[in-house]
Amino acid sequence: MQDPNADTEWNDILRKKGILPPKETTNEEEEEEASVLQQQSVVKTYEDMTLEELEENEDDFSEEDERAIELYRQQRMAQWQASQIKNKFGEVVEISGQDYVQEVTKAGKDLWVILHLYKQGIPLCTLINQHLAALARKFKDIKFLKAISTTCIPNYPDKNLPTIFAYLDGEIRAQFIGPLVFGGMNLTQDELEWKLAEAGALKTELEENPRKQIQDQLMSSIRTTISSKRDSDSDDD
């Protein structure tokens, strides 16, 4: 008589049909299965561990686990370092002429630096400082600085204020000088963001120039007013 526990294709078919009972497992097979499940559990949970927990539990891992964990640890470290770089700044820092070389020229490779030259008592300078503070919180991988103009450039004329310089690798890549460039006190945060994005200093999610939207709305309002006046003149006739 054929052994019902034998590993044969025919017995497997009979088990699936319910003719033969499930194959009896030996203690050795049960222990092996339990060991496999335990290893799978360990490997599954290491992704949820912190770097410190991985180090504390490294004696419980197999060689294969350790290789996977080491790769995972490197990935986590790279993500952490990228996060640190991306969120390095987040505020507008006040500097003086003495800080310029260290904060701008030696700021670092592939790092954008935005420097606002301003003076107290100039409303547009105050407005731009407010906008830059918001942009610094939004773009934390960019270094935002501000300085009273004459502390960086002696005798710098007030007529050129506000002034914004955009640096990359210590070199000026863009400059915005004087109130006309900024459009006066109507300047919005989005418009300033767009200007810096056009200079390449940041990546904006704005799809088009906000100033263009205002201009389009203004022209639409003018056309509506002219059309209404013509209709009124026609009625008078």
Side-chain angles (χ1 to χ4, degrees), residues 51 74-153 156 160-217:
L51 295 177
Q74 292 174 3
Q75 292 174 343
R76 287 282 296 273
M77 184 62 71
Q79 291 172 354
W80 179 81
Q81 291 174 341
S83 175
Q84 290 297 104
I85 293 173
K86 187 175 181 180
N87 297 294
K88 188 175 182 180
F89 304 108
E91 62 180 351
V92 182
V93 176
E94 182 93 27
I95 67 168
S96 66
Q98 296 177 342
D99 306 316
Y100 179 86
V101 173
Q102 185 65 36
E103 297 293 337
V104 178
T105 307
K106 297 181 179 180
K109 184 175 175 58
D110 299 327
L111 175 64
W112 279 96
V113 178
I114 307 299
L115 173 62
H116 175 213
L117 299 184
Y118 76 101
K119 262 192 178 179
Q120 300 284 356
I122 299 179
L124 185 54
C125 289
T126 302
L127 178 64
I128 287 179
N129 275 334
Q130 293 173 356
H131 290 338
L132 290 179
L135 292 176
R137 291 190 294 270
K138 185 176 181 179
F139 300 96
K140 295 183 179 180
D141 57 333
I142 298 174
K143 191 173 190 178
F144 286 88
L145 305 172
K146 63 181 179 179
I148 295 177
S149 57
T150 50
T151 65
C152 281
I153 305 176
Y156 192 73
N160 288 347
L161 300 179
T163 292
I164 289 181
F165 294 122
Y167 300 83
L168 180 63
D169 296 333
E171 297 183 1
I172 294 179
R173 298 303 175 92
Q175 58 185 14
F176 307 92
I177 300 176
L180 294 179
V181 172
F182 297 100
M185 289 298 294
N186 292 323
L187 177 72
T188 67
Q189 179 185 319
D190 284 349
E191 289 172 7
L192 184 55
E193 178 179 330
W194 184 266
K195 287 180 179 295
L196 295 177
E198 284 189 316
L202 55 82
K203 293 182 180 180
T204 181
E205 295 182 355
L206 298 173
E207 296 181 355
E208 62 178 4
N209 188 345
R211 172 64 66 175
K212 181 178 181 299
Q213 296 176 357
I214 296 174
Q215 291 173 343
D216 290 344
Q217 292 172 359

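One distance of note links CG of L111 with CG of L168; it measures 8.0 Å at 0.5 Å rounding. C152 contributes atom SG, which lies 9.0 Å from atom CG of L145 (distance to the nearest 0.5 angstrom). W194 contributes atom CH2, which lies 6.0 Å from atom CG of N209 (distance to the nearest 0.5 angstrom).
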Chi angles and distances behind the side chain to side chain contact (heavy atoms under 4.5 Å, CB included) call for H116, I114: CA-CA 7 Å; H116 175 213; I114 307 299; 5.9 Å; no
Pair F176-L192, side chain to side chain contact (heavy atoms under 4.5 Å, CB included): steps then yes or no: CA-CA 10 Å; F176 307 92; L192 184 55; over 6 Å; no
Check against side chain to side chain contact (heavy atoms under 4.5 Å, CB included), F139 and D141: CA-CA 6 Å; F139 300 96; D141 57 333; 4.0 Å; yes
Side chain to side chain contact (heavy atoms under 4.5 Å, CB included) between V101 and K106, intermediate numbers included: CA-CA 6 Å; V101 173; K106 297 181 179 180; 3.9 Å; yes
Check against side-chain hydrogen bond (donor to acceptor under 3.5 Å, both in side chains), T126 and N129: CA-CA 5 Å; T126 302; N129 275 334; 5.8 Å; no
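A donor-acceptor pair is defined here as one N or O able to donate and one able to accept, closer than 3.5 Å; such a pair exists between the side chain of K143 and the backbone of E103. The backbone N or O of L187 lies less than 3.5 Å from a partner atom in the side chain of H131, making a donor-acceptor pair. Looking at K195, its side chain does come within 3.5 Å of a backbone N or O of V181 through a donor-acceptor pair. The backbone N or O of D110 lies less than 3.5 Å from a partner atom in the side chain of D169, making a donor-acceptor pair.
R137 approaches G90 most closely through the heavy-atom pair CG-O, 3.6 Å. Nearest approach of W112 to I142, heavy atoms of both residues: O-CG2, 3.6 Å. Shown here for A107 and V113, the closest heavy-atom pair between the two residues is CB-CG2, 3.7 Å. Nearest heavy atom pair, residue A147 against residue T151, reads CB-OG1, 4.3 Å. For E205 against E193, the heavy-atom pair with the smallest separation is N-OE2, 4.2 Å. A199 approaches A174 most closely through the heavy-atom pair CB-CB, 3.5 Å.
Of the candidates L161, I148, I128, Y118 forms a side-chain contact (heavy atoms from CB on, under 4.5 Å) with just one, namely I148.
Here the side chains of F182 and I164 are in contact, with some heavy-atom distance below 4.5 Å. Looking only at side-chain heavy atoms (C-beta outward), L115 and I95 come within less than 4.5 Å of each other. Residues Q189 and L135 meet the side-chain proximity criterion, which asks for heavy atoms closer than 4.5 Å.
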